[in-house]
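Remarks on the structure that follows.
These numbers come from a predicted model, not from an experiment.
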2 protein chains.
Amino acid sequence: MMGRGRGAWWQDRFADRGARITAPREVVLEILQETDDHVTAADVYVKAHERNPSIGLTTVYRTLDMLTQMGIVQKFDFGDGKARYELVNNPGGKKHHHHLVCLRCKAIVDYTEFLDDELEFIGKTQQRLSKKYDFDITDHAISFYGVCARCR
Amino acid sequence: MMGRGRGAWWQDRFADRGARITAPREVVLEILQETDDHVTAADVYVKAHERNPSIGLTTVYRTLDMLTQMGIVQKFDFGDGKARYELVNNPGGKKHHHHLVCLRCKAIVDYTEFLDDELEFIGKTQQRLSKKYDFDITDHAISFYGVCARCR
DNA sequence: CATTTAATGATAATGGTTTTCATTTTTAAT
DNA sequence: ATTAAAAATGAAAACCATTATCATTAAATG
Ligand SMILES: [Mn+2]
Ligand SMILES: [Mn+2]
Ligand SMILES: [Zn+2]
Ligand SMILES: [Zn+2]
């Protein structure tokens, strides 16, 4: 159960891992929950620093890393030299989805249409690949690349 | 065979773009054709330097960039901090394919099984996305992530 | 409270990639 | 072939996102 007063959905996951729930970590989670963007570590740092100037960039990196390993956050590289992070499967937020990337302006579209079809298909393929290559597959990414309307 | 004199399949593409066919560029293409790996710029540089010590790392980067923009090479980021490059659609070489990545040892498997199914599915989705989001889609990537047998 | 361990942040270091710029090579024109 | 213009090259420096160090602080434990 994830109740216990103002407990948040991710706090149990921290407990499981023996990770402490600290102020900087809470701030990072808050920020991630309040945006729909694909933010960089620097993006997060700026916002975190507004709320609590004592929070350092290093800790932002460390927290994002940890969240990524815990599967709470997904890390992407869309080819502009900076890693981008996005909360995944948070209740009331975005669900698992795939991406459409403009190669010119780097705009990113989260698309959720057709996802049912895709996921069914992905599931099947994943099973076949797991077996054939003896992989323990835990995740996947699908991205389409092209040029958006405004860039053309 | 294959056109005017010492022509190679990519030379026409260079001409179209007004790009000059130089010794360093030829070497880079040769190297890319001789490997099945997903090479880094440094990888290419080392091999290029063996054949012609005057070739510099900068030119390797510039050439790989150019080839990427021309669609002759595909650039990947598998999360180890270095970009990786792979020749795409070269006659007699690898065809379009998707990837299976081990999150531990970073091993990369090119899989081509099930590709017919996948490509049919991708085509359909691509069409739907193009229309809905008014994107001129030219490419896509599918990657599965997990842990390989040896790492487990 | 005392003890132990985890987390933090300022700073420095790292390392892949890009910029700069003087020089060389290629192409086009004469 | 000579020359002039444009493109390509490479050594070195600059860049910049990310990581490692390490002294300090905060949190859990009992
Ligand atoms: Mn997204
Ligand atoms: Mn491949
Ligand atoms: Zn665009
Ligand atoms: Zn592995």
Round to a whole Å and report the spacing from [atom1] of [X] to [atom2] of [N].
X: A:D77; N: D:dT18; atom1: CG; atom2: C1'; result: 13 Å
X: A:H49; N: C:dA10; atom1: NE2; atom2: P; result: 7 Å
X: B:D80; N: D:dT19; atom1: CG; atom2: C1'; result: 15 Å
X: A:M66; N: D:dT18; atom1: CE; atom2: P; result: 19 Å
X: B:I21; N: C:dT26; atom1: CD1; atom2: P; result: 12 Å
X: B:E26; N: D:dA8; atom1: CD; atom2: C1'; result: 14 Å
X: A:Y45; N: D:dA17; atom1: OH; atom2: C1'; result: 14 Å
X: B:K82; N: C:dG15; atom1: NZ; atom2: P; result: 10 Å

Along DNA chain C (nearest heavy atom to each residue), the more 5'-positioned of A:P24 and B:G81
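The residue whose closest nucleotide sits nearer the 5' end is A:P24.
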Here's a test of your reading of the structure: between A:T58 and B:D65, which maps to the more 5' nucleotide of DNA chain C?
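That would be A:T58.
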[X] side chain: which of [options] is closest?
X: B:T22; options: D:dT18, D:dT9, C:dA7; value: D:dT9
X: A:T59; options: D:dA7, C:dT8, C:dA7; value: C:dT8
X: B:I55; options: D:dG10, D:dA6, D:dA26; value: D:dG10

A:H38 and side chain to side chain donor-acceptor pair (under 3.5 Å): which single residue from A:E86, A:K106, A:R84 fits?
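Testing A:H38 for a side chain to side chain donor-acceptor pair (under 3.5 Å) against A:E86, A:K106, A:R84 leaves exactly one candidate, A:E86.
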Under 4.0 angstrom between [X] side-chain N/O and [N] OP1 or OP2:
X: A:R25; N: C:dA7; answer: yes
X: B:S54; N: D:dG10; answer: yes
X: A:Y61; N: D:dT18; answer: yes

Do the side-chain N and O atoms of B:Y111 and B:E118 include a donor-acceptor pair separated by under 3.5 angstrom?
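Looking only at side-chain atoms, B:E118 and B:Y111 do form a donor-acceptor pair, the distance falling under 3.5 Å.
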Are B:R17 and B:Q69 close enough that some pair of their side-chain heavy atoms sits under 4.5 Å apart?
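In contact.
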What's [X] touching, base or sugar-phosphate or nothing? Going by heavy atoms closer than 4.0 Å.
X: A:R62; result: base
X: A:A19; result: sugar-phosphate
X: A:A83; result: sugar-phosphate

Quick one: does any side-chain atom of B:T35 pair with a main-chain N or O of B:I31 as donor and acceptor, under 3.5 Å?
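Such a contact is absent between B:T35 side chain and B:I31 backbone.
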Of the non-hydrogen atoms in B:D110 and B:K94, which two are nearest, and what is the gap between them?
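Residues B:D110 and B:K94, closest heavy atoms: OD2-NZ, 2.8 Å.
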